[in-house]
Amino acid sequence: MAPLLEAISIGKTYPGGTVANDGVNLTIQAGEVHAVVGENGAGKSTLMKILFGIEQHDRGELRLDGKPIRFANPREAIDNGIGMVFQHFSLVPSFSVYENVVLGSEPRNGIKFDRQKAIADVRALSEKFRLAVDPLPPVGQLPVGQQQRVEILKALYRDARILILDEPTAVLAPQEVEELFVAVRALVAQGRTVIFIAHKLPEVLEISDRITVMRAGKTVGSVNARDVTEDSLATMMVGREIALRVDRAGARGPLACEVKNLKIDAENGSTIAKDLSLKVHAGEILGLVGVEGNGQAELLETIAGLRPAADGVIALDGADLNDLSVLQRRQLGVASIPEDRIARGLATGASIAENLVATRLSDKRFVRNGLLDLKAIKANALALIEQFSVRAGGPNVAVGTLSGGNMQKIVVARELSEQPKLLLVNQPTRGVDLGATQFIWKSLTKARDGGAAVLLSSADLSELLALSDRLVVFYRGKIVAAFVNSDDLTAETLGTYMLGLNTQDPETMRAALQ
Amino acid sequence: QEYTKENPLKVVYVVHGTLGDKSFLDSAAAGLKRAAEELPVEVTVIESGLDRGRWQPALADATDQGYDVVVAGSWEMTGFMAELAPDYPETKFIIFDDAPDFSAGNLGNMLAINYRVSTAAYLAGYAAAKITQTGKIGEILGVEGTTILEFTSGFEQGAKAANPDVEIVRAVAGTFTDPAKGKELALAQFAQGADIVFPVAGGTGVGALQAARDEGKLAVGVDSDQAAIFEGNDQAQADVIFTSVEKKVGDSIYIALQQTLDGTAPYGSGLLLGLADGAVGIAKNSYYDKLVPADVRAEVDAEEAKIIAGDIVVDSVMQ
Amino acid sequence: MIELLMTVFSATFFVTVIRTTTPLLFATLGGLISDLSGALNVALEGMMLIAALTAVIVSVYAPWYVAVLSGISAGAMLGALMAFFHLRMKADIILVGFAVNILATGGTVFALAQATGGDKGTSINLPSKGVPSVDLSFLEAIPVIGRTLKSLLSGHSILSWLAVLLVFAVWYFLYRTPYGLWLRGVGEYPAAPEAAGIPVNKVRAWSLIASGALAGIGGAQLAMFNYIGFTRDMTAGRGFIALGAVLLGARHPVGAMLAALLFGVFEALAIVMPNLFNWIPGELIQTIPFAVTALALVLFSYRAQRALQRRNAAKA
Amino acid sequence: MSTSSPSRFALVGREVARAVIALAIALLVALVVILATSADPAKAFSTLLTAPLSSNRTIGLWVDDVAKLTLTGLAFSLVFQAKQFSMGVQGQVYMGGLFAALVAMSPIGATPFAIPVAMAAAMCAGAVYGFMPGYAKARFGASEIVSSLMLNYIAILVVNYIIRAHLAPAGSGQLVTAKFPETAILPAIIPGTRFDLGIVIALAATVVVWFLLYRTNWGLKLRLVGHNAKFAEYSGIRSSFIMVSAMTLAGSFGGLLGAVFVQGRAFGNLAQNFDGNMAFEGILIAIVARNKPLAVPVVALAYGYLRQGAQLMGIRTDVPTEMISVVQAIIILLVASSFTLPGKKFIGRLMGRSQTATTAPEAAK
Ligand SMILES: Nc1ncnc2c1ncn2[C@@H]1O[C@H](COP(=O)(O)OP(=O)(O)OP(=O)(O)O)[C@@H](O)[C@H]1O
Ligand SMILES: Nc1ncnc2c1ncn2[C@@H]1O[C@H](COP(=O)(O)OP(=O)(O)OP(=O)(O)O)[C@@H](O)[C@H]1O
Ligand SMILES: [Mg+2]
Ligand SMILES: [Mg+2]
């Protein structure tokens, strides 16, 4: 029997001249979960965009059910039963969930948009595929995990036979990943086919039947998930072995940052978090554990000065930070790696050099008497590009033209170029490939060893467990548990606290909070 | 030098703005057109547009092109022309509706034509005040500038002379190109009791005339015989314009060109044309006869005679 | 002062407000549609002007409704022209809009001269027609309020009634039909509708066309009711004011209507005031609609901000 | 400038090549229009192309336009770079013109300080006028587009009123002030033409804006705010301060333009409605120059040439004045367009990356 979908020697060169795909072969059988893996920039997303009609290939052939096919636009792909969930979501923020799901294929009643039917359809669909979401709220207000379900529902609503998920797990918490996998299995059980892209190999091995590995625009090969291990897969992807292992801290230093009874409010007045009290010492990494939306991100933003504290105290080396501006805090040694690098961490239209000094515009080395020292700024950029092995055309290249992984490196380079006293890190390796992950981990531990107190929040529990010296668990805006990291501590244990299934006795918690 | 149809007098008219105002600027163009048809004269019209930064360049450029006579109008252009004229002694310059300072003696090639338009407006105001039922008359001004105020001041003086109790309401539109606004302003004046409107506001004023038509009120035309313009196309409109204050710019320029050909034109000086010269006046047409009672017409003629005789002095806002 | 109040609360004033608001409201709705689709239409002014001329010329030869329709088509065609240059030729939408405005100022005069055999400024030599007004004299029969009702409601342009209808229709279209959903989605985040298989550029093109059509009715109303006939530049900045009204109206049809009405009220006020207050310089009276709009904008924005803060305070 | 990559010159070359081809097509269309309306199309077309150079006087007209277009283009570039869409240059021009005139007509006008003092006054007036919509935006969140448009109308009306009622020679009813003393009028560089100090001021302003934007701390902050205000805040930049200061500074250049208008050789007095809507043409200049200050005078030079050529064509030939604006519109449309040129792909490969216009899927990133 012919494979369901086949890509044969696909070639794609972007107008700028980047060869993104260079003879890619991909064979998808009906009813399988097929993973595509590869480093950042290997050409995975490009291939998927070709399958979905957003980009057109220059060379090669696509076959669906054995018949040659070419999609001029997404509509044609959708009509052929292909659905895609993008790496960066394609949802209209102010629209409600059901509006987003049915957008483009709305149920109608005469000329009227039949809202009731749309809502009912979305409800039915989310039950059928076990993707629980409330159809009514605007998607902009939903946590990312929910947004992703909306994306999947969107594809299913159009009755996709083949569902492409481009890095769906990058933004999800572990149990959300589990829920996603449940849904994926439900899909497959109902005869759908899933193409799945991810950077985290354990997930890939867990969910997929077959795996195609891409490197530098070419397919390296396809294997059965059963036949490979994480290590062998990593070696196939990168061409060398990758060890994702870091050393734990040595002796921790004096108390650096203390948060006492902090309360954080949202713009609309509701309380996000309260009674937050914790301490971080120099030379240690404190992991913030929690399902996204439980207050960790807001805590980091509040310490950085991007959000007002409704109540409570934040102190760094004994000095109260509360009334200080972002800049003043930075001058005291606060550095931060934000969650969304494009929205918050970078000015994509500005050059690398400019991005690298953006937080140091009162530093005498770069600015004197209000004038820029362009030479110093350029030298700084060259040094950091070298030091953090950023792959870029030069210091004057716009950051927006870099790949995601390299963009993240720019942020890390800027924040760590000077030894910080307090480092606030949120999702440092989201969507970043293995090599870059390894590099970023090393950078974080180096900052820690240099005496930084690090607050690390991540949706990736294995990352938290690998890096943290102590961990605190957030649940509904409160700290519900605290641990000193040890080899006995497992993701499962943390998970029970994250979901509020378990409570810790106050004594243990207090001990671990010190 | 003899000018013939084969070797005509080359005349250029530099419009400070654009044609199509159906009054002042168009009137000059019409006179020139008549000259071109009837005299050995060739006429070029240059519209320099609404950007006042362009007016001087247009005048200078036209002068540069080697025309025999350069014509332009109003105080806006006088200064520019007076600056250019001494540098082009071979060229003749005609300014209408304003005059430069001839006392310096270096403007021997420039002719100024000025109109005592307030005298004509006086007569229209006199007639209007006599025939208003409500004792209230509206004026609509494009802007409060000399040319406009020359009309309204004479109009008001005449109206007061006819009836000291007459009330005159005045609105300034601030634009010459918004007929909808002109119409609204006139409608508002009618609503407040006026029954005659005197718009001196170019395109904006045309809207005011329409308001009079729609509301069955009366109107005074401006610059040229506006009833005649509407006659035929829009009879209802013509029917409410009981007279117009005419400034016969075209005729005067025609005459000036005729005299230029004859060599009798008094270059180096200014002409001040009034009622006696026939260069200004009110339109005494069939609508005037129909809408203004005979006794009032007689009174108006008497006033006119007195003005010509100098027994009545009509004020002018021009020095 | 009493006189002013009497004037303002008179039926005549109300009728004036409706008249001054109507063309503005059409243009505002047009601006709203293209703005919501993500294309700021700075060409409303030129579209109105060209539509006004088209309507006037056609009305000489055809019934009034054909003239209005041709004004609408003229606006729509300009919308299509903008769509072509913006979407196909990738030209900046603001530049395209300015080009249309420039085209309109010269093109209308040229076309008018062609149509009238040489008249450059006005169409008074063209026997153009007006849009009929709707006579509701029968309302007078209603006891007590009949006379007032009649004086308030009778005699408006048929297009004024259409405008009210269109506010509702535009609202219905935007918030109750699938295409409205598409349009708003395209304006807010084009990647989403694109991925959903919606032809984004087509949606944008149609909204520009609709925008032009609406501005076109505005032009027709201006030249076939507010004043019957055409004169050069007769739109006199109304298109730009409409653009302001879109934003002042919080990009919602009802808001747009209120903003246009606000402007209409103060324009009407500026029209009656010179006759009542002769001592106030005309120029300063003319600033009223603009000053009021600016102040209203600040006030609304400030209140919106305060409301947000108060809500926060209440919950905290 | 900031994003200058290795292929910077190639990119500039491409832009220029594209513009030249667009211009050629536009001129071709203009030729068609001319053929349709002129009895002597050859003369009309050659006037369009050569008239600005035909005499010192016309060169002066051109240069005067360039100076003014440059200043308004700079003012718009500044606010656009900060991602603000204030349309307020026209209002600033009127306010600047008013204050320059007040100084010129005061006793200072007769002293050698007339020009600098008048310019300073004009810049302050423009700055205040630029500050207002900026402050309203930063403090109340009021849309700067609407507020600045309204302020334009108000400025024009108020200045018109002041001229009519207070500044025009008493009793004359003229809507223009008397000529300023010669000391208060910009000296001509080519005597007897409009080629005056204005162009020097405009070029100096260009360098100042470029320097501020690309060599100062404030400029870098401004550009970062323009690129991504959220990022700027995260970096510790007070974006509302930067925004307001950018609009204020742009306002001062608008005010300066007002001074150049009224004190230039073209006027030397203050008249009602003096700007002829030229202020708005700065939007065009800024967009075509991609808000790069150094490109602004270059674009102004080219655009001003065509503008003047078209004007002179209207004056010297039988092409109806109205057709000038039609030709102008066509030129704008085509110059703004980016159409596929033959062999573009090939050229693109030769020249490196192309920044094709954003389509929806790319915007998703
Ligand atoms: N629109 C585009 N224009 C030009 N080049 C592009 C475009 N999109 C992607 N590229 C380039 O094509 C190459 C492949 O990109 P692609 O996004 O397919 O990689 P990927 O395998 O999905 O990477 P990641 O794992 O980071 O998602 C990269 O070098 C990228 O820079
Ligand atoms: N308009 C463009 N012109 C040139 N290159 C572009 C353009 N848009 C995107 N790119 C390229 O596309 C890539 C960005 O693609 P994408 O956002 O998928 O990054 P990525 O490699 O997938 O990163 P991540 O792994 O973090 O998702 C960059 O490498 C960039 O060079
Ligand atoms: Mg990708
Ligand atoms: Mg990626």
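By convention in this document, chain letters (A, B, ...) are assigned in the order of the sequence lines, proteins followed by strands, and residues within each chain are numbered from 1.
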K.L.:
Enumerate by number any residue of residues 108-115 of chain A whose heavy atoms lie under 4.5 Å from heavy atoms of chain C; in the absence of such residues, state 'none'.
P.N.:
A:Arg108, A:Ile111, A:Lys112, A:Phe113, A:Arg115

K.L.:
Would the number of heavy atoms belonging to other residues, nucleotides or ligands and lying under 6.0 Å from CH2 of C:Trp206 be above 12?
P.N.:
no

K.L.:
Check ring pair (Phe, Tyr, Trp, His ring centres under 6.0 Å) between C:Tyr179 and all other residues, then give those that pass, not counting sequence neighbours.
P.N.:
C:Trp182

K.L.:
Roughly how far, to the nearest 0.5 Å, is CD1 of C:Ile198 from OG of A:Ser105?
P.N.:
7.5 Å

K.L.:
Among residues at least two apart in sequence or on other chains, which ones pass ring pair (Phe, Tyr, Trp, His ring centres under 6.0 Å) with C:Phe168?
P.N.:
C:Trp171

K.L.:
Do you know which two heavy atoms are closest between A:Phe86 and C:Ala195, and how far apart they sit?
P.N.:
CE1-CB, 3.4 Å

K.L.:
Has the side chain of C:Glu188 got a donor or acceptor atom that lies under 3.5 Å from a matching backbone atom of A:Ser94?
P.N.:
yes

K.L.:
Identify, with sequence neighbours excluded, every residue that meets side chain to side chain donor-acceptor pair (under 3.5 Å) alongside A:Glu298.
P.N.:
none

K.L.:
For residues A:Phe89 and C:Tyr189, report the shortest heavy-atom separation together with the two atoms involved.
P.N.:
O-OH, 3.3 Å

K.L.:
Got more than 12 heavy atoms from elsewhere within 6.0 Å of OH, C:Tyr172?
P.N.:
yes

K.L.:
Among side-chain atoms of A:Ser90 and C:Glu194, is any donor-acceptor pair under 3.5 angstrom?
P.N.:
no

K.L.:
Between C:Pro193 and A:Val92, is any pair of side-chain heavy atoms under 4.5 Å apart?
P.N.:
yes

K.L.:
Go through the atoms of C:Phe173 and report whether side chain, backbone, both or neither lie under 4.5 Å from a heavy atom of chain A.
P.N.:
neither

K.L.:
Taking C:Ala192, C:Pro178, C:Ala196 one by one, which has the highest count of heavy-atom pairs under 4.5 Å against chain A?
P.N.:
C:Pro178

K.L.:
Taking atom CZ as the centre, does A:Phe129 end up with more than 12 heavy-atom neighbours from other residues, nucleotides or ligands that are less than 6.0 angstrom away?
P.N.:
yes

